[in-house]
A.B. asks: 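Got a structure for you, written out below as structure tokens; questions coming shortly.
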Amino acid sequence: MTFFLENRWTPDPLPAGTWEIRLTNLSDAPLAGFTLSVTTITRIMPVNRVHGARFVRRVANYHEFAPFDGVTLAPGEAWTFRAEGLFRSPFHRNDAAKTAWLTLADGSRQPVMVGDLLQGHEAPVLPPPRLPEGRLTLPFALLPWPNQIEATPGPAPVILHLAAGTALADKRLALSVDALHARLFPAARKLIQLSSAPGSRELSFSIDPALPAEGYRLSFGDGITLEASTEAGRRYGLLSLAQMLHGAFADHDFLFPATGVIEDAPRYGWRGCHLDVSRHFWTLEEVRRVVDILAWHKINIFHWHLTDDEGWRAEILAYPELTGPGAHRSADSPTMLPQLGDGPGVQGGYYTQDEMRALVAHAASLGIEVMPEIETPGHAACVVAALPFLVDPDETPDSYQPVQGYPNNSWNPGIPETFVVLEQIVDELCAIFPSRYFHIGGDEVAKNAWLESPKARILMQKEGLAGTFELQSWFLNRIKEMLTKRGKVLVGWNEVAHGSGVPPEDTLLMAWEKPEVGIELAERGYDVVMTPGQAYYLDMVQGPDWLENGAGWAGPVPPEKTYGYEAEGDFPAALRRHMRGIQACIWCEHFTTRAWFNDLVFPRLSAVAEAGWTDTANKDWLRFSRQVRLHPTL
């Protein structure tokens, strides 16, 4: 360590206060002729005042500063400067510099160690525990908790064995659940085998066509009988047995049913979880483990967010540039600079088509449907970086910016080649993802996007469109036509309804901005999945205290709030048919490591899983708090 950066924030002047940066030279040589690069979620806006430095440039979360000419830092000396005109006030200790480095006069780069953002006007308090101690209602490790259970606890068997005559398909299914458990808890005991042994307990299978498609019944006596009407129901019954055995093996407070019945089925058909792999690239093995964790929680939809401004992650054979310059960021890239949490070196990656097929097959073997997402028309900085022929050469540079600060980051509907490229992308992805659902984004387009593009304005005049959102609606209707021809349901974020929207038939929208949006969409005839940031965004900070981690735009989202949130809320009874289910979202701007992932995702992912499965009357916060400590991690 030869350079150290400290951050401090004070609330004056209003509305967003002042960010102070102090760089100390801890090397043995004087430092001169350098620039300082910083990645930060608290961005400096175009109208700003920077005291003590030159503000060289900003692209989204990337900021670059330089000292005034003639400044030299001797060993041990520090350079301090201050910035006003922030995008917003920071919320927490990780809301200023996340990474930093120096570029020296010879072009070489030096890493800078970065401290937390501290408050300059008061000392922070230690956050309280996120979970209470909790207490058990019944000593069974079941999460999500079943909707009907009457069982007497007893000691756990050494292992379960399958009854003689068990069908081959049921043997495979039972051992696949045992294999899932072994992947998630590699040091744990095995749960299921084919033949009996001293201390084992017999498990037999039966079909009951009257049970719901995802429902099951477990009857406990001398042996155990699992009844279901479908493979999905049998899988969920096996998962319940696996969870109870794992709990009894891992924690002496948990037991196993000696007698009784569990009869269970999920509350919602759509129990989803989204993973952003653009902001932070997760390896295929990491994504597989995320899918395994979802399966353990009985989540049945994996929403794979494959593209965003920060990188394109899905191999498209017709356009290799998307996974070349469009998938990698670095300080040497002319178009894809480092973003939050990056250093100056190359960051990124992508999944080959064979890897995506393998992930889809792995998820299917666990009863999980994989829905791909490509962002349109906004959040496409990586696309215009990789495919510059999709840019209107006469559009005013930096003529619009969405909330994240990427200039001119949208697919341009005024360029005919836009739809040629999109048709090819959709075709290639449809060949990989068999799901009927195809997510096309549709969110956070800047309110003045395309207005300074001559090609877009010609299209607007031709089609009689007024303003950005009418043009966005026209664009999305083109995408919907593509998907409809291919037998797909268009899925998008709630802004798809902006302008005149798209036809509600075979459209599913995700209400993320606030809970009330879901009701408004349902009133317009759209089917809705509820995923409000105020409850189900797992990148949100888990408490109001300065020393917590995470994003803060939706306010603190402690685990108890996530657990207790009722997605149906004030939905009128007449509209509830449009409420398809709920979904957690894992946005990864802040997730630079597995440790960050585990700190922010858990226990809230488990809380969303129970909200999607368990009826309100059967939920219990204190019981959940005691049980959730057994969850697997990434």
Side-chain angles (χ1 to χ4, degrees), residues 1-10 12-13 16-87 90 93-120 328-348 397-398 405-407 592:
M1 177 189 67
T2 52
F3 305 101
F4 184 65
L5 186 146
E6 296 169 277
N7 296 276
R8 187 170 71 162
W9 175 78
T10 52
D12 295 324
T18 300
W19 175 23
E20 179 182 286
I21 297 175
R22 179 181 176 88
L23 175 72
T24 301
N25 179 9
L26 299 176
S27 73
D28 295 325
L31 177 65
F34 65 92
T35 61
L36 170 67
S37 297
V38 171
T39 70
T40 173
I41 199 74
T42 299
R43 297 178 287 274
I44 300 175
M45 300 303 288
V47 178
N48 62 72
R49 295 180 65 189
V50 176
H51 309 271
R54 288 191 298 111
F55 185 22
V56 178
R57 59 174 171 162
R58 174 179 76 86
V59 177
N61 299 314
Y62 173 84
H63 295 62
E64 190 173 337
F65 306 93
F68 293 121
D69 292 342
V71 171
T72 298
L73 297 183
E77 286 188 340
W79 167 47
T80 302
F81 61 93
R82 298 171 183 82
E84 302 169 17
L86 308 179
F87 167 62
R93 65 180 177 88
N94 60 333
D95 264 3
K98 196 128 178 161
T99 51
W101 62 93
L102 300 177
T103 302
L104 306 183
D106 64 0
S108 64
R109 297 188 176 92
Q110 292 291 324
V112 175
M113 183 176 177
V114 176
D116 280 345
L117 175 63
L118 298 180
Q119 293 171 297
H328 299 90
R329 308 185 293 264
S330 80
D332 293 319
S333 171
T335 54
M336 293 286 285
L337 289 169
Q339 294 301 322
L340 196 63
D342 291 347
V346 176
Q347 304 280 335
D398 204 3
Y406 280 92
T592 51

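Note that the numbering runs from 1 along the sequence shown for the chain.
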A.B. asks: Given 3.5 Å as the limit, does a donor-acceptor pair link the side chain of His63 with the main chain of Thr40, or not?
C.D. replies: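 Looks like no, no N/O pair under 3.5 Å.
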A.B. asks: Between the main-chain N or O of Pro111 and the side-chain N or O of Arg109, is there a donor-acceptor pair closer than 3.5 Å?
C.D. replies: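 A pair under 3.5 Å: no.
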A.B. asks: Check whether any side-chain N or O of Glu84 sits under 3.5 Å from a backbone N or O of Asp12 as a donor-acceptor pair, and report yes or no.
C.D. replies: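 Between the backbone of Asp12 and the side chain of Glu84 there is no qualifying donor-acceptor contact (under 3.5 Å).
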A.B. asks: If you round to the nearest 0.5 Å, how far is CG of Leu104 from CD of Gln110?
C.D. replies: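 Between Gln110 CD and Leu104 CG, I get 5.5 Å after rounding to 0.5 Å.
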A.B. asks: Please tell me if the side chains of Leu23 and Phe65 come closer than 4.5 Å, counting only heavy atoms from C-beta onward.
C.D. replies: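 No, every pair of side-chain atoms sits at 4.5 Å or beyond.
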A.B. asks: I'd like to check Leu86 versus Trp9 (side-chain heavy atoms, cut-off strictly below 4.5 Å). Are they in contact?
C.D. replies: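 The answer is yes, as the side chains (C-beta and beyond) meet within the 4.5 Å cut-off.
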A.B. asks: Heavy atoms only: give me the nearest Asp106-Ser108 pair and the separation to one decimal.
C.D. replies: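 Answer, listing the atom of Asp106 first, then Ser108: OD1-OG, 2.6 Å.
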A.B. asks: Would you give the length of the straight line joining atom CG of Leu118 to atom CD of Glu6, rounded to the nearest 0.5 angstrom?
C.D. replies: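 One finds 8.0 Å between CG of Leu118 and CD of Glu6.
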A.B. asks: Taking side chain as C-beta onward, heavy atoms only, is Thr99 less than 4.5 Å from Thr592?
C.D. replies: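 No. Closest side-chain heavy atoms not under 4.5 Å.
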A.B. asks: So, applying side chain to side chain contact (heavy atoms under 4.5 Å, CB included) with Leu117, which one of Asn94, Asn7, Thr42 is it?
C.D. replies: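 Only one of Asn94, Asn7, Thr42 forms a side chain to side chain contact (heavy atoms under 4.5 Å, CB included) with Leu117, namely Asn7.
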A.B. asks: To check you understand the geometry: which heavy-atom pair defines the closest contact between Ser27 and Ala29, and what is its length?
C.D. replies: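 So the two residues come closest at OG-O, 3.0 Å.
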A.B. asks: Is any side-chain heavy atom of Gln339 closer than 4.5 Å to a side-chain heavy atom of Thr39?
C.D. replies: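 A side-chain contact is absent here, since even the closest heavy-atom pair is not under 4.5 Å.
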A.B. asks: Which atom names give the shortest non-hydrogen contact between Pro407 and Asp398, and what distance separates them?
C.D. replies: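 Distance-wise, the nearest heavy atoms are CB-OD1, 3.2 Å.
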A.B. asks: Quick one: does any side-chain atom of Trp79 pair with a main-chain N or O of Ala66 as donor and acceptor, under 3.5 Å?
C.D. replies: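 No, Trp79 side chain to Ala66 backbone: no donor-acceptor pair under 3.5 Å.
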A.B. asks: To the nearest 0.5 Å, tell me how far Thr10 OG1 sits from Gln119 CD.
C.D. replies: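 With rounding to 0.5 Å, OG1 (Thr10) is 10.5 Å from CD (Gln119).
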A.B. asks: Between the side chain of Arg329 and the main-chain N/O of Asp342, is any donor-acceptor distance below 3.5 Å?
C.D. replies: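 Looks like no, no N/O pair under 3.5 Å.
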A.B. asks: For Pro30 and Pro75, which heavy atoms make the closest approach, and how far apart are they?
C.D. replies: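 Between these two residues, the closest heavy atoms are N-CD, 4.0 Å.
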A.B. asks: Please enumerate all residues that pass side chain to side chain donor-acceptor pair (under 3.5 Å) together with Glu20, with sequence neighbours excluded.
C.D. replies: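 Counting only residues at least two positions away or on another chain, Glu20 forms a side chain to side chain donor-acceptor pair (under 3.5 Å) with Arg8, Arg82.
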A.B. asks: Strictly distance-based, threshold 3.5 Å: is any side-chain N or O of Asn48 a donor or acceptor partner for the main-chain N or O of Pro46?
C.D. replies: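 Yes, because the side chain of Asn48 sits within donor-acceptor range (under 3.5 Å) of the backbone of Pro46.
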A.B. asks: Give the minimum heavy-atom separation between Ala100 and Val38, together with the two atoms involved.
C.D. replies: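 For Ala100 and Val38, the tightest heavy-atom pair comes out as CB-CG2, 4.1 Å.
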A.B. asks: Within the structure provided, determine whether Phe3 and Phe34 are in side-chain contact (heavy-atom separation under 4.5 Å).
C.D. replies: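 SC-SC contact between Phe3 and Phe34 ruled out.
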A.B. asks: For Arg57, does its backbone N or O pair with a side-chain atom of Glu64 as donor and acceptor, under 3.5 Å?
C.D. replies: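 Looks like no, no N/O pair under 3.5 Å.
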A.B. asks: Rounded to the nearest 0.5 Å, how far does NE2 of His51 lie from OG1 of Thr18?
C.D. replies: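 One gets 7.0 Å once the value is rounded to the nearest 0.5 Å.
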A.B. asks: Leu102 and side chain to side chain contact (heavy atoms under 4.5 Å, CB included): which single residue from Asn25, Thr35, Leu31 fits?
C.D. replies: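 Answer after filtering Asn25, Thr35, Leu31: Leu31.
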A.B. asks: Mind listing the closest non-hydrogen atom pair of His328 and Met336 along with its distance?
C.D. replies: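 Of all heavy-atom pairs spanning His328 and Met336, the closest is O-CB, 3.4 Å.
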